[in-house]
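Per chain, numbering begins at 1; letters A, B, ... match sequence-line order. Keep in mind it's a predicted model, so treat the numbers as computed, not measured.
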Number of protein chains: 2
Amino acid sequence: MRKGDHAQARARRADAAAVVRADPSGREAGIDTPRMYAGTSRRGRPPGTSARELELISLRLFSQGGFDDTTVERIAAAAGVSRRTFFRYFDSKADVLWHAFDGEVRRLRDAFAAVPASVPLMDAIRQVVVGANLYRAEDVPELRTRMNLIGSIPALQASAAHHYDAWERAVSDFAASRLGQDAQSLYPLAIGRATLAVCRAAYDRWVERADSSLTVYLDQALRALAAGFDPAGLAPQPGERPHSGR
Amino acid sequence: MRKGDHAQARARRADAAAVVRADPSGREAGIDTPRMYAGTSRRGRPPGTSARELELISLRLFSQGGFDDTTVERIAAAAGVSRRTFFRYFDSKADVLWHAFDGEVRRLRDAFAAVPASVPLMDAIRQVVVGANLYRAEDVPELRTRMNLIGSIPALQASAAHHYDAWERAVSDFAASRLGQDAQSLYPLAIGRATLAVCRAAYDRWVERADSSLTVYLDQALRALAAGFDPAGLAPQPGERPHSGR
DNA sequence: CGTTAATCGTCACCCTGTGACGTAATCAAG
DNA sequence: CTTGATTACGTCACAGGGTGACGATTAACG
């Protein structure tokens with residue numbers, strides 16, 4: 001490392017931090033990845049950035065310049081950090097956008113554990129999933145831009161599989177316990193995946209058209225799933241033309 | 001290009017072709033990608049290989065040495081072709097394993113077009129999907145190794161999204177026409193994705209345990225979907241212990 | 001034989017992701 | 001204050017995936 005590099009790095013970091021603080025989400029740093037600060041400062045050198053900061057910077061750069069044309073080099077530079085450090089916080093360039101999603105899996109599992117046994121299987125799944133998707137109004141814009149990117153960039157859809165897996169397993173495990181079967185057997189597996197499938201449909205609709213709340217779409221999709229997609233209950237949504245030329 | 005390279009290349013190609021002909025599938029070349037020969041030989045230089053040949057060689061090398069440790073360099077060398085040429089036949093290293101899957105989408109669309117309007121929506125989907133998965137016995141081993149790779153290597157699961165998309169749309173389009181709605185609206189979208197979801201569950205079960213025919217698993221999964229996963233009809237499969245310690 | 005069309009090989013290049021190794025910053029113990 | 005332990009960081013080198021440009025090959029056509 002040469003001599004004046006650190007002064008410059010600090011200067012860049014100050015700029016980047018200002019950008020983060022000016023972010024409309026208002027949420028502060030939060031969870032760090034390399035060693036997760038728990039309030040009390042630990043032993044060694046303090047982290048020069050945070051997963052949350054990198055997430056916000058990436059989100060901004062991706063929205064401006066596109067995912068593929070935004071190199072990790074640029075993201076790291078905007079955060080005042082080296083390229084190598086970025087990959088210490090995230091395993092891949094795409095993972096930065098799934099940071100928040102991974103948190104939902106935990107919420108999902110907790111909620112499943114709290115469902116009384118009296119609630120029927122598919123009703124329980126619907127309630128839990130809808131409940132895990134109640135976002136505060138101030139968090140919605142960020143969620144929307146993130147899902148917009150995920151829905152439109154192929155490289156991000158490719159990275160989805162890994163993250164969806166944990167989500168599906170949360171549902172499969174619950175279904176397995178209810179059915180008294182193994183989580184890897186056919187029906188629990190199918191239920192977990194089908195649940196995610198219809199939720200993704202709901203998400204896509206919501207991203208594309210801001211005409212309704214996300215939870216409404218989720219609820220509709222999950223009800224349809226539990227009804228076996230009976231055409232009798234599948235009326236076209238308000239604002240949609242029945243029949244159409246594609 | 002230096003002088004003696006072509007003689008060497010031809011020699012390597014002869015070896016590779018022998019390997020392909022010795023393949024148990026017995027199926028010959030078939031569809032080429034760069035310009036799809038239609039029986040009559042066309043204008044310029046004839047292709048030095050075929051997508052099918054690259055597919056078989058890749059499948060063998062992946063099974064032997066693993067996906068990540070098998071470089072495109074090695075595959076191309078085994079086919080007697082340059083690295084660059086491999087990427088003229090396939091857009092990515094992973095795509096080589098999805099070559100056959102993409103063909104299923106066409107079969108799917110054709111079958112949907114032939115379904116009489118009297119068959120209820122979900123019944124039609126089940127029959128068409130099961131019908132599109134009737135494989136000849138001699139093709140099953142290759143299918144199984146391919147699905148085994150796809151199910152176990154993360155890099156391949158990542159590439160799945162793009163190929164699944166076309167499959168889902170085939171189902172969504174059919175559902176949309178039956179419901180008189182747009183294919184991008186909530187229910188058709190949800191039906192297409194949920195259908196694929198349960199089929200993937202069936203495939204996974206089938207790959208993991210050779211205890212039953214693929215079509216049986218598919219039929220069971222699709223019937224469960226059409227029944228809204230009513231627990232009354234979800235008895236554990238034969239050979240599976242109800243309850244278990246995971 | 002010259003032209004045209006299609007494929008292929010070589011080369012150069014960018015980007016992602018990783019391992020190795022030394023450095024920087026903090027806390028704790030002496 | 002010094003020393004050691006600990007944690008994060010930067011630099012460097014490298015392998016591999018994927019792409020564009022350009023010339024060389026091979027065959028059909030006229």
Side-chain angles (χ1 to χ4, degrees), chain A residues 1-10 12-13 32-38 40-51 53-54 58 65-77 79-96 154-156 158-159, chain B residues 1-10 12-13 32-38 40-51 53-54 58 65-77 79-96 154-156 158-159:
Chain A
M1 190 182 295
R2 286 183 308 282
K3 211 44 200 286
D5 281 9
H6 277 96
Q8 296 179 16
R10 254 191 299 273
R12 284 199 307 271
R13 271 213 33 63
D32 295 315
T33 337
R35 264 300 189 275
M36 215 180 300
Y37 264 55
T40 75
S41 60
R42 294 184 65 86
R43 198 49 129 55
R45 173 179 178 168
T49 182
S50 66
E53 181 185 359
L54 290 174
S58 301
F67 181 83
D68 293 319
D69 293 339
T70 303
T71 67
V72 175
E73 183 75 44
R74 285 186 59 81
I75 300 172
V81 153
S82 79
R83 198 174 68 96
R84 189 65 180 85
T85 292
F86 177 93
F87 286 111
R88 289 200 177 93
Y89 282 86
F90 297 101
D91 290 336
S92 75
K93 177 183 169 184
D95 270 12
V96 74
L156 290 173
S159 66
Chain B
M1 189 183 296
R2 287 182 308 281
K3 209 46 196 285
D5 281 9
H6 278 98
Q8 295 180 18
R10 252 191 300 271
R12 284 198 306 272
R13 270 214 31 66
D32 296 315
T33 340
R35 264 298 190 276
M36 216 180 301
Y37 263 55
T40 75
S41 58
R42 295 185 66 85
R43 202 39 134 55
R45 172 178 181 171
T49 182
S50 67
E53 181 184 359
L54 290 175
S58 301
F67 180 83
D68 293 319
D69 292 340
T70 302
T71 66
V72 174
E73 182 76 44
R74 285 186 58 80
I75 300 173
V81 152
S82 79
R83 199 174 70 99
R84 189 65 180 85
T85 292
F86 177 94
F87 285 111
R88 288 201 178 95
Y89 281 85
F90 297 101
D91 290 336
S92 76
K93 177 183 170 185
D95 271 13
V96 74
L156 289 174
S159 66

| request: Only counting residues at least two apart or in another chain, list the ones meeting side-chain contact (heavy atoms from CB on, under 4.5 Å) with B:Ser159. | output: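 side-chain contact (heavy atoms from CB on, under 4.5 Å) check on B:Ser159 returns B:Ala94, B:Trp98, B:Leu156.
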| said: Whether A:Lys93 engages the ring of A:Phe67 as a cation-pi pair (distance to the six-membered ring centre under 6.0 angstrom, angle to the ring normal within 45°) should be assessed. | reply: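 Yes, A:Lys93 and A:Phe67 form such a contact.
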| query | Donor-acceptor pair, A:Tyr89 side chain versus A:Thr49 backbone, under 3.5 Å? | reply |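 Here the side-chain-to-backbone pair exists.
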| field | Interatomic distance where CD1 belongs to A:Ile75 and C1' belongs to C:dT16 [whole Å] | value |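 In whole Å, C:dT16 C1' and A:Ile75 CD1 are 12 Å from each other.
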Check nucleotides 4-6 of chain D against the protein and report each pair of N or O atoms closer than 3.5 Å, with its distance, or say if there are none.
residue, atom, partner, partner atom, Å
D:dA5, N3, A:Arg43, NH1, 3.3
D:dT6, O4', A:Arg43, NH1, 3.2

| query | Below 4.0 angstrom from OP1 or OP2 of D:dG10, is there any side-chain N or O of A:Thr85? | reply |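 Looking at the OP1 and OP2 atoms of D:dG10, one of them is under 4.0 Å from a side-chain N or O of A:Thr85.
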| Phosphate-side-chain proximity, A:Tyr89 and D:dA8, N/O vs OP1/OP2 below 4.0 Å |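 No.
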| query | Of all residues at least two apart in sequence or in a different chain, which pass the side-chain hydrogen bond (donor to acceptor under 3.5 Å, both in side chains) check with A:Thr85? | reply |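 Applying side-chain hydrogen bond (donor to acceptor under 3.5 Å, both in side chains) to A:Thr85 gives A:Ser82.
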| task | Taking side-chain hydrogen bond (donor to acceptor under 3.5 Å, both in side chains) as the test, write out the residues that go with A:Ser92, two or more places apart. | result |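 With sequence neighbours excluded, A:Ser92 shows a side-chain hydrogen bond (donor to acceptor under 3.5 Å, both in side chains) to A:Asp95, given in chain and number order.
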| message | Protein within reach of the bases, or only the backbone? For nucleotides 17-22 of chain D, mark each nucleotide 5' to 3' as B, S or -, using heavy atoms under 4.0 Å. | response | BBBBB-
| Any side-chain heavy-atom pair of B:Ser58 and B:Phe86 under 4.5 Å |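 With C-beta onward as the side chain, the pair touches.
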| Nearest heavy atoms of A:Gly48 and A:Glu53, plus distance in Å |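 Taking every non-hydrogen atom into account, O-OE1, 4.5 Å.
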| request: Mind grabbing the angle between the end helix axes of the helix from C:dC1-D:dG30 to C:dG30-D:dC1? Five pairs an end, 10° rounding. | output: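 Terminal axis comparison yields 10°.
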| message | Run the ring pair (Phe, Tyr, Trp, His ring centres under 6.0 Å) test against A:Phe87 and tell me which residues pass, sequence neighbours left out. | response |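 Not a single residue meets the ring pair (Phe, Tyr, Trp, His ring centres under 6.0 Å) criterion with A:Phe87.
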